[in-house]
Amino acid sequence: MPLDILTIPCLADNYAFLAHDPDTGDTALIDAPEAAPILAALAETGWKLTDVLITHHHYDHVDGLQDILTEHPARVTGASADAHRLPALDVQVAEGDQVTVGSETGAIIDVSGHTVGHIAFHFPASKAVFTADSLMALGCGRVFEGTKPQMHESLQKLAALPDDTRVYSGHEYTAANGKFALTIDPENTELISRLREVADKRASDIPTVPSLLSEELATNPFLRAHDPAIQTHLGMEGANATDVFKEIRTRKDNF
Ligand code: ZN
Ligand code: FE
């Protein structure tokens, strides 16, 4: 049976996730922005926390960890590249390694760019990928530590996952990302109709995360640097996708 995945709003606009294996009862927390809402979700579901999977070292992804572990001791997994700046890890992983949650196996994907050492967790049997601040709904994380070509390469790895994968990203930035996306891809009818759905959800305080990879491929400008309409709109017909990506990311930084 696929993992049961619960989205937990934390802080102003972060998301944490609980991924629960109904067969074994094992449960993983993906990122720990803030303890209280996560502890409340564990109490409400009665799920037994066995694992914490950390995507990257930023405070808004780890700050709640200690208080959660005090009540729910669990095995903590994070990137070996970031072990020096993450909370104490029980398991250190890098691209190509696997993690298990109950009877499910997840693959580690290095998605450096936002930070160098940022990882994503892909659970193919559950069609789920936890991307935090790499690939986001209609956007991608700001490039703080890596380079824009590195971020582009990281997003290409995620773009190559099966289309029906759900993308569990770290923040509710979708409406703002969408406003920017329209400036890059104004004629994209799928984008325009997605923005209407996003506005409706946000008006009712419904998370727009997770999203489907197929919708990201169709509407997220950061996955569409190869698209002729976008290239023409940017005056970059025939440019290589990495250069187009750099231009889109630079425009977003100044948006
Ligand atoms: Zn971050
Ligand atoms: Fe973040």
Side-chain angles (χ1 to χ4, degrees), residues 5-19 28-38 41 52-68 76-87 89 92-95 108-122 128-155 157-158 166-181 198 202 207-211 216 220 222-223 245 248-250 252-253 255:
I5 302 175
L6 186 66
T7 300
I8 307 168
C10 294
L11 302 174
D13 55 35
N14 275 83
Y15 289 121
F17 306 98
L18 287 174
L29 168 67
I30 296 88
D31 282 348
E34 180 186 18
I38 294 165
V52 182
L53 310 178
I54 300 176
T55 60
H56 68 296
H57 74 284
H58 284 159
Y59 79 96
D60 62 312
H61 298 260
V62 300
D63 259 15
L65 184 62
Q66 218 35 259
D67 289 344
I68 293 164
V76 180
T77 298
S80 51
D82 273 342
H84 62 287
R85 56 182 182 175
L86 286 170
L89 299 177
Q92 299 186 15
V93 292
E95 177 155 289
I108 308 302
I109 305 172
D110 183 315
V111 291
S112 289
H114 176 69
T115 64
V116 173
H118 192 315
I119 53 176
F121 299 91
H122 177 224
V129 64
F130 296 92
T131 60
D133 298 357
S134 58
L135 177 61
M136 297 177 142
L138 283 174
C140 73
R142 190 176 275 260
V143 178
F144 285 120
E145 295 182 355
T147 63
K148 292 183 175 81
Q150 184 180 33
M151 178 62 113
H152 185 236
E153 203 184 307
S154 293
L155 296 189
K157 294 183 209 172
L158 298 170
R166 272 180 212 286
V167 180
Y168 292 83
S169 52
H171 291 266
E172 183 59 59
Y173 290 163
T174 317
N177 285 343
K179 279 193 191 125
F180 171 74
V198 167
R202 294 313 296 148
T208 63
V209 173
S211 58
E216 298 306 332
N220 185 330
F222 296 99
L223 297 183
F245 177 87
I248 297 170
R249 190 57 252 181
T250 301
K252 178 68 161 67
D253 293 343
F255 184 64

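Counting begins at 1 with the first residue of the sequence. Every heavy atom of this structure was used, including side-chain atoms; hydrogens, water molecules and symmetry mates were not. Each ligand, and each atom within it, is numbered from 1 in the order the structure gives.
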(request) Applying side-chain contact (heavy atoms from CB on, under 4.5 Å), name anything that partners Ser211, two or more places apart in sequence or on another chain. (result) Ala137, Val167, Arg194, Glu215, Glu216

(message) Taking 2.8 Å as the distance threshold, tell me the number of protein N/O/S atoms next to the Zn ion (ligand 1).
(response) 4

(request) Report the distance from atom CG of Asp110 to atom CD1 of Ile119, rounding to the nearest 0.5 Å. (result) 8.5 Å

(message) Please enumerate all residues that pass side-chain hydrogen bond (donor to acceptor under 3.5 Å, both in side chains) together with Thr55, with sequence neighbours excluded.
(response) Asp31

(request) Kindly assign one of parallel, tilted or perpendicular to the pair His152 and Phe245, based on the angle between their ring planes and the thresholds 30° and 60°. (result) tilted

(message) Do His114 and His56 have side chains that approach each other closer than 4.5 Å (heavy atoms only, starting at C-beta)?
(response) yes

(request) Side-chain contact test, heavy atoms from C-beta onward, threshold under 4.5 Å: evaluate it for Phe144 versus Asp133 and give yes or no. (result) no

(message) Ring centres under 6.0 Å, that's the criterion: do His57 and His84 meet it?
(response) no

(message) Keeping Arg85 on the side-chain end and His58 on the backbone end, is there a donor-acceptor pair under 3.5 Å?
(response) no

(request) Taking 2.8 Å as the upper limit, name the protein N, O or S atoms near the Fe ion (ligand 2). (result) Asp60 OD2, His61 NE2, Asp133 OD2, His171 NE2

(message) Please identify which of these residues, Val111, Val143, Val116, meets the side chain to side chain contact (heavy atoms under 4.5 Å, CB included) condition with Gln150.
(response) Val116

